[in-house]
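Proteins come first, then strands; the chains are lettered A, B, ... in the order of their sequence lines, and each starts at number 1. Please read all numbers here as calculations on a predicted model, not as lab measurements.
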2 protein chains.
Amino acid sequence: MNVRDQLLEAAARVYAEAGYRGATTRRIASVAGVNEITLFRQFGSKDALMREAIERCRQDATVPLPQEPVDPVRELTDFARAHLARMRERRSFIRTCMGEFEEHPEIMEPENSPPAVAAKALGAYLGRLRERRVATAEFDECVAATMLMGVIFADAMGRDIMRDMFPRDPEATLLEYVRIFLRGLGVSV
Amino acid sequence: MNVRDQLLEAAARVYAEAGYRGATTRRIASVAGVNEITLFRQFGSKDALMREAIERCRQDATVPLPQEPVDPVRELTDFARAHLARMRERRSFIRTCMGEFEEHPEIMEPENSPPAVAAKALGAYLGRLRERRVATAEFDECVAATMLMGVIFADAMGRDIMRDMFPRDPEATLLEYVRIFLRGLGVSV
DNA sequence: TTTCGTTGCAAGCACCTACTTGCGCCCCGC
DNA sequence: GCGGGGCGCAAGTAGGTGCTTGCAACGAAA
């Protein structure tokens, strides 16, 4: 791994831990194991480095949902588990971004944010569930999709912060989320 | 309002906007409309001021849930609306706290955090719904309570950040959250 | 072998930070 | 009227910040 990538990775790590102001060039360089001057020679300024480092963390992993629903509980559990795992991995980074939204709103591009695209795909899947008469209740699939993504988001962000609020067994909790959710859409579980 | 309270309020406001590092003593004093030296004379140090200012924001408003459920949809909608409004008011502050959790985990006392106590009260209410045979499905009321609080939390935190993910009408969305949720517990809506 | 681009090191710049000192003003109780 | 406590102002401390300069070492390409 070349010096540039080391710096980008270190910048993202330090940013997640300490925020923009706390991510000093000296600290980033130290974590990257390179000289501070090299940072400026490579990126010109702290701002340019941070912008590129944060942009790098944006690559979203899309979780597929089947075109033809077969087993909604299993399919949605897999979907939710994948998103939950991914958000939990990045929780420090996400929390820092959210905390600095007031100061740097530009780093949040609402159009393509990963949860938003996931919610869209999920909404389409829920629409298919209704078309196939698997989901029999009246519901707004957009609100429903936002709801499930919101539960996943809250779990990923809050489990380590408010420890006594979240049940011990993450996997069982996840399954229960999905079961309550699907029953709410009129899917028999 | 005396100088001390002005400083405490200004400190909380600036902290919510800029975080701990961004809340400089000069900026706080300027927002409070007092001299920076007065800040140190009153509180001794920035840390003491911030600690007291943040502690002040902790006073939680408990939202009552009826002992005898009558109209679950209305009761839970009122409950959810109150919590949503309160979280949304304080969203900047909450987001900043979450963003700085890695650096200052001590400000989060997981035992008495407002969402946790709300979730506990909600769980008890859901238990009553089941005892009265209003909620007929099998569900874990602890997980269910966490689920609804999570949806509220995600809406309060995310609506202004990921604008296209949340439907336009907050009140209608809220009602739909509650309806899907209650149906998921086996309550006929 | 020479050359040249990349890196490290030492030092330093101007600015901001939390925090201190000394002095003068002004209002409030006596 | 007057003494004292609370406040503001000017100035300054030591340390951290982003960023720059000058110079030497190294390794690969020529």
In whole angstroms, how far is the C1' atom of C/dC19 from the CZ atom of B/F43? 16 Å
Distance to the ring centre below 6.0 angstrom and angle to the axis at most 45 degrees; does that hold for A/R21 and B/Y20? no
Could you tell me whether B/E103 atom CD has more than 12 heavy atoms of other residues or ligands within 6.0 Å of it? yes
What are the atom names and distances for every N/O pair under 3.5 Å that joins the protein to nucleotides 17-22 of chain D?
unit_1 : atom_1 : unit_2 : atom_2 : d
D/dG18 : OP1    : A/T25  : N      : 3.4
D/dG18 : OP1    : A/K46  : NZ     : 3.0
D/dG18 : OP2    : A/T25  : N      : 2.9
D/dG18 : OP2    : A/T25  : OG1    : 2.9
D/dC19 : OP2    : A/K46  : N      : 2.7
D/dC19 : N4     : A/R26  : NH1    : 3.4

Is it true that atom CZ of B/R13 has more than 12 heavy atoms of other residues, nucleotides or ligands lying nearer than 6.0 Å? no
Short N-O contact, B/R56 and B/D5, less than 4.0 angstrom: yes
Looking at D/dC9, I'd like to know if its phosphate oxygens (OP1 or OP2) sit under 4.0 Å from a side-chain N or O belonging to B/N35. yes
Please tell me if B/Q42 has a side-chain N or O lying less than 4.0 Å from either OP1 or OP2 of D/dG6. no
Of all heavy-atom pairs between A/A12 and A/C57, which one has the smallest distance, and what is that distance? CB-SG, 3.9 Å
